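These figures come from a predicted structure and were not determined experimentally. Throughout, numbering of the chain's residues begins at 1 and tracks the sequence. Note that these values count all heavy atoms, side chains included, but never hydrogens, waters or copies made by symmetry.
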Amino acid sequence: MKINDKTINAWQMGILIFILTFANKILTLPSLLYDKTGVEGFLVPVFLFGFEIGLLMLFCVLKNKYPNASFAEILNENLGRVMTKIVFALMMVFFLAKTVLLYNVTYIFFRNLIYKDVDNFLFLICFLPVVNHLAICGLRVVGRTAQMFFPIIVVIVLFCIVVGVLGIEDMPMLFQTNASVFFKSSFTHMSSFGDMMFLFAIMDKVKMKKGQWKIVFSFAGVAMLCVVAITTIFIFSYTYTAFMHPYALFEIMSYVKEYGGIGRIDIISMVLIVIFTYFHLAIYLKVFMLSFDVVFNKIGYIYSVLSFNFLFLIGISFLVSNLQTAVVFGEGVLPYFSIIPFVVVPIFSLVAMLVDVQRRKKRDKKELKTWEICLKLY
């Protein structure tokens, strides 16, 4: 099986960044942030998004320096094949773990609130074929599909935020949490971030024109503001009972429904969650496939898809039971995986660039000496 991953433009990449920024951040995370940090929990995403912006800036530097090269080619040329395979193997593990967590939380959300008597098999039938088809069709198909749904996504997100603001009645007291608790909570929930690393896997498949970086950063900035807004609205709406409401985006709409008498307005948030879940899973699978191709470059793409589905099914078979299991996995295991996007990839990228700079200096010196010798002989 051959998959033709055609290039995407800056707009499509910005839209993918916008969509992926919401992954694992608008359901259980705000409730967990309040449970650990209190009202100041809305500041944790602000802090952690700083690392995401750092990743995006690093990608911008690499892309400008090596406009047509892939991240694998940069590492392979400057650090060797073994180190390249190690980095991409870690990327595979990271995004597979994020996929398991994302599906687990989403499945439990829909099972608890909508289809209480339906088992996991029906959800897999609904999600896996569509997700596999999107990823197999290629990155441009994912980008164009996201581009088509993007206006709907933006309208629903803004609608949820505006309606959620109407549910805020009193301003809670701020700055009741000390710094140690804040930073500990930031580390515990760091696993919900780091998705910006997917850019390094698709680096050679993005065509950037002069002046288009502002488009990418604008999409990323707006998405981050929306996530912070949803977290803030949720915490300010429920305040002291926020830890009792595990599904933030749905709970915002449900709060207005209960106290504003607007009707089943919370269904709109469910539609958004469904759309986001399809795209999040498809992008995770796409990154896994691209990373798999670097690590096991002598076998076909079909094995990357089969491997992902096999490992994914094994992962959810152990974790899909209740929300508590998902929380334990997300807070106790995944935070240590966060060193991959925030430590491993930046360090290897910087070292690769330094090695490249040193090698070019040596090459320039050799060329200069050769010219000097030629001039003397002349």
Side-chain angles (χ1 to χ4, degrees), residues 1-8 13 16-17 19-20 23-24 52 55-56 58-59 62-63 66 69-103 128 131-132 134-143 191 193-206 279-315 334 336-349 351-352:
M1 181 181 70
K2 183 175 177 59
I3 299 174
N4 188 15
D5 278 316
K6 296 180 180 179
T7 58
I8 59 175
M13 185 178 74
L16 292 180
I17 290 174
I19 292 174
L20 204 56
N24 290 311
E52 294 273 36
L55 269 180
L56 181 57
L58 177 60
F59 173 77
L62 280 174
K63 186 64 180 176
Y66 310 98
S70 67
F71 187 53
E73 291 171 346
I74 296 170
L75 295 180
N76 191 37
E77 184 177 351
N78 297 292
L79 301 180
R81 183 179 301 175
V82 175
M83 301 305 296
T84 303
K85 291 182 179 294
I86 290 174
V87 172
F88 276 87
L90 291 174
M91 290 174 65
M92 288 169 52
V93 172
F94 177 78
F95 283 106
L96 178 63
K98 295 269 287 187
T99 305
V100 172
L101 177 63
L102 175 69
Y103 177 83
L128 278 184
V131 168
N132 279 268
L134 268 177
I136 291 172
C137 286
L139 185 63
R140 182 177 292 182
V141 173
V142 178
S191 58
F193 298 79
D195 298 295
M196 206 68 72
M197 187 173 64
F198 91 101
L199 294 173
F200 293 84
I202 65 171
M203 181 174 171
D204 59 319
K205 296 171 177 58
V206 177
F279 281 113
H280 293 161
L281 293 176
I283 296 171
Y284 285 160
L285 173 54
K286 185 77 252 179
V287 176
F288 182 92
M289 291 169 61
L290 294 172
S291 303
F292 187 95
D293 186 55
V294 174
V295 179
F296 306 101
N297 56 347
K298 294 184 179 181
I299 60 179
Y301 261 121
I302 185 63
Y303 294 101
S304 64
V305 180
L306 294 176
S307 299
F308 178 88
N309 285 277
F310 176 72
L311 295 172
F312 172 70
L313 291 175
I314 290 178
L334 275 184
Y336 298 98
F337 285 69
S338 298
I339 65 171
I340 299 171
F342 296 129
V343 178
V344 175
V345 168
I347 288 178
F348 276 75
S349 301
V351 171

Check: Does Phe95 have its ring centroid less than 6.0 Å away from the ring centroid of Tyr284?
Finding: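 Under 6.0 Å, so yes.
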Notebook entry, point to check: Can the ring centroids of Phe308 and Phe292 be said to lie less than 6.0 angstrom from one another?
Noted result: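 No, too far apart.
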Check: Should Phe88 and Leu290 be marked as a side chain to side chain contact (heavy atoms under 4.5 Å, CB included) after you check the CA-CA gap, both sets of side-chain angles, and the distance that decides it?
Finding: CA-CA 9 Å; Phe88 276 87; Leu290 294 172; over 6 Å; no
Note to self: Contact between Phe312 and Leu285 at the side-chain level, heavy atoms closer than 4.5 Å - yes or no?
What the structure shows: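 Side-chain contact under 4.5 Å: no.
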Notebook entry, point to check: Mind checking whether Val82 and Lys85 have side chains closer than 4.5 Å, heavy atoms only?
Noted result: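 No, their side chains stay 4.5 Å or more apart.
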Next item on the list: Only one of Ile283, Ile8, Ile202 passes side chain to side chain contact (heavy atoms under 4.5 Å, CB included) with Val142; say which it is.
Entry: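 So the option named by the test is Ile283.
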Next item on the list: Identify which one of Leu55, Val87, Ile74 satisfies the side chain to side chain contact (heavy atoms under 4.5 Å, CB included) criterion when paired with Phe200.
Entry: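 Result: among Leu55, Val87, Ile74, Leu55 is the only option passing the side chain to side chain contact (heavy atoms under 4.5 Å, CB included) with Phe200.
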Note to self: For Glu73, give me all partners under salt bridge (Lys or Arg N to Asp or Glu O under 4.0 Å), at least two apart in sequence or on another chain.
What the structure shows: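 Counting only residues at least two positions away or on another chain, Glu73 forms no salt bridge (Lys or Arg N to Asp or Glu O under 4.0 Å).
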Quick one: pull up [atom1] in [X] and [atom2] in [Y] and give me the separation to the nearest 0.5 Å.
X: Lys205; Y: Lys286; atom1: NZ; atom2: NZ; answer: 8.0 Å
X: Leu75; Y: Ile86; atom1: CG; atom2: CD1; answer: 11.0 Å
X: His280; Y: Thr99; atom1: NE2; atom2: OG1; answer: 11.0 Å

Next item on the list: Ignoring hydrogens and angles, tell me if any N or O in the side chain of Arg140 forms a donor-acceptor pair with the backbone of Thr7 under 3.5 Å.
Entry: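 Yes.
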Item checked: side chain to side chain contact (heavy atoms under 4.5 Å, CB included) assessment of Ser349 paired with Phe59 -> CA-CA 9 Å; Ser349 301; Phe59 173 77; over 6 Å; no
